[in-house]
Amino acid sequence: MAATTRSADDVRLGIGKVLERLREEFPDLTLSKIRYLESKGLVRPGRSASGYRQFALSDLTRLVWILRQQREYFLPLKVIREILDRAGGVVPLPESEVGGSRTKADQERLVGSVSMTLEELAATLGVVPDVVARLEHHGLIVAQSAGRTRVYDGSALLAARLAVRLLSLGLDARHLRMYLIAAQREAGVLEQLLVARVASGDSASRESAQHDLEEVVEAGSRLHHLLLRRSLTGLNR
């Protein structure tokens, strides 16, 4: 009898096996989280005759990509769904992934797609609401008014994620103000240098100033990183 050959995507895994495979990279992953992503239509495993979930390797690849977007780039599910929809439902190629080259449109979409109350933001971050309140008290995140409710957008979510990570590494919320103060001082200098060009009536000049501003921010961020590492002499020996 001739041996049959199965393609890679003919392999089917139960939800328990999927969890086993992904636990090393995503130790906090649970069966409930996988089921939740399925309920949102982000993963669509097949079903056996008896009704059990059956994940193909393509489903596994898609699930890993989604989890990495959440972990590494803090993307909400709505934005992840939009990216997948634009890619025709398949995992985007590396050069088109948000993490590989996040465009200005992607950043604006993230900011505009998130609207969380203080309690919702705290739950997303896995902290008590008092932590979020302290971050806002120190000016690290800012809420927007939406009728009678105060909500936080994607920019606040990103800032809060990073701040909570720094808190877990031993810094205090008051220590994080040094980042805010440095950013405000830098913004003041850049505004003085570029405000005349941005305010001019010449659209070409405004576009050039905006381009230069983005390049300055990128180069300045890299320079800050290098100078900070050089200044930490006690850790570089």
Side-chain angles (χ1 to χ4, degrees), residues 22-23 25-37 39-42 63 65-84 97-99 102-188 190-191 217-218 220-221 224-225 228 232:
L22 301 186
R23 266 280 172 79
E25 182 175 354
F26 306 100
D28 296 330
L29 184 63
T30 63
L31 295 176
S32 296
K33 174 65 178 289
I34 298 174
R35 295 189 188 104
Y36 178 74
L37 293 174
S39 73
K40 294 299 182 181
L42 288 164
L63 180 57
W65 183 84
I66 291 169
L67 294 171
R68 286 174 178 168
Q69 300 309 300
Q70 288 188 300
R71 181 190 64 194
E72 298 171 14
Y73 311 117
F74 320 124
L75 295 185
L77 295 182
K78 179 179 178 181
V79 175
I80 292 174
R81 186 195 305 278
E82 290 176 357
I83 296 170
L84 288 170
E97 286 184 8
V98 172
R102 187 179 299 175
T103 66
K104 185 177 179 181
D106 288 323
Q107 292 174 328
E108 292 173 348
R109 187 177 297 107
L110 171 60
V111 171
S113 66
V114 175
S115 180
M116 296 180 172
T117 64
L118 185 148
E119 290 75 16
E120 290 170 339
L121 179 57
T124 299
L125 297 171
V127 299
V128 297
D130 181 61
V131 172
V132 175
R134 281 193 288 124
L135 294 178
E136 184 170 9
H137 173 74
H138 288 287
L140 297 163
I141 59 174
V142 179
Q144 310 294 328
S145 296
R148 297 181 179 180
T149 306
R150 298 173 68 253
V151 297
Y152 301 86
D153 63 12
S155 177
L157 172 61
L158 292 174
R161 287 263 193 189
L162 294 170
V164 167
R165 177 57 180 157
L166 290 170
L167 293 177
S168 73
L169 293 172
L171 279 73
D172 191 87
R174 67 180 186 276
H175 298 144
L176 303 186
R177 279 190 56 81
M178 64 182 174
Y179 297 105
L180 174 63
I181 293 171
Q184 290 174 336
R185 288 176 176 171
E186 185 177 357
L190 297 181
E191 285 178 353
V217 170
E218 175 65 21
S221 176
H224 170 80
H225 176 77
L228 177 60
L232 292 170

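Everything numeric here is computed off the predicted structure, so don't read it as measured data.
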Check: Is F26 close to R68 at the side-chain level, that is, under 4.5 Å between some pair of heavy atoms?
Finding: yes
Notebook entry, point to check: Is there side-chain contact between L167 and L135, with heavy atoms separated by less than 4.5 Å?
Noted result: yes
Check: How would you list all residue pairs meeting side-chain hydrogen bond (donor to acceptor under 3.5 Å, both in side chains) that involve residues 171-182, not counting sequence neighbours?
Finding: D172-R174
Note to self: Keeping R81 on the side-chain end and K40 on the backbone end, is there a donor-acceptor pair under 3.5 Å?
What the structure shows: yes
Check: For E191, what residues pass the side chain to side chain contact (heavy atoms under 4.5 Å, CB included) criterion, not counting sequence neighbours?
Finding: none
Item checked: Residues that V142 engages under side chain to side chain contact (heavy atoms under 4.5 Å, CB included), provided they are two or more places apart -> Q144
Note to self: Testing the basics here: between K33 and L29, what is the closest heavy-atom pair and its distance to 0.1 Å?
What the structure shows: CG-CD1, 3.7 Å
Notebook entry, point to check: Just how far is it from atom CG of L125 to atom CZ of R165, taken to the nearest 0.5 Å?
Noted result: 13.5 Å
Check: Does the side chain of V164 come within less than 4.5 Å of V132's, by heavy atoms?
Finding: no
Check: Could you state the interatomic distance from CG (L176) to NE2 (H138), rounded to the nearest 0.5 Å?
Finding: 8.5 Å
Item checked: Nearest heavy atoms of I83 and W65, plus distance in Å -> CG2-CH2, 3.7 Å
Margin query: I need the I141 CD1 to L118 CG distance, nearest 0.5 Å.
Written below: 7.0 Å
Check: How many angstroms lie between CD in Q184 and CG in L180, if you round to the nearest 0.5 Å?
Finding: 4.0 Å
Checklist line | Distance (rounded to the nearest 0.5 Å) between L67 CG and Q69 CD | finding: 10.0 Å
Check: Can you tell if the side chain of E186 reaches within under 4.5 Å of the side chain of H224, non-hydrogen atoms only?
Finding: no
Next item on the list: Would you indicate whether the side-chain heavy atoms of I80 and Q70 approach each other to under 4.5 Å?
Entry: yes
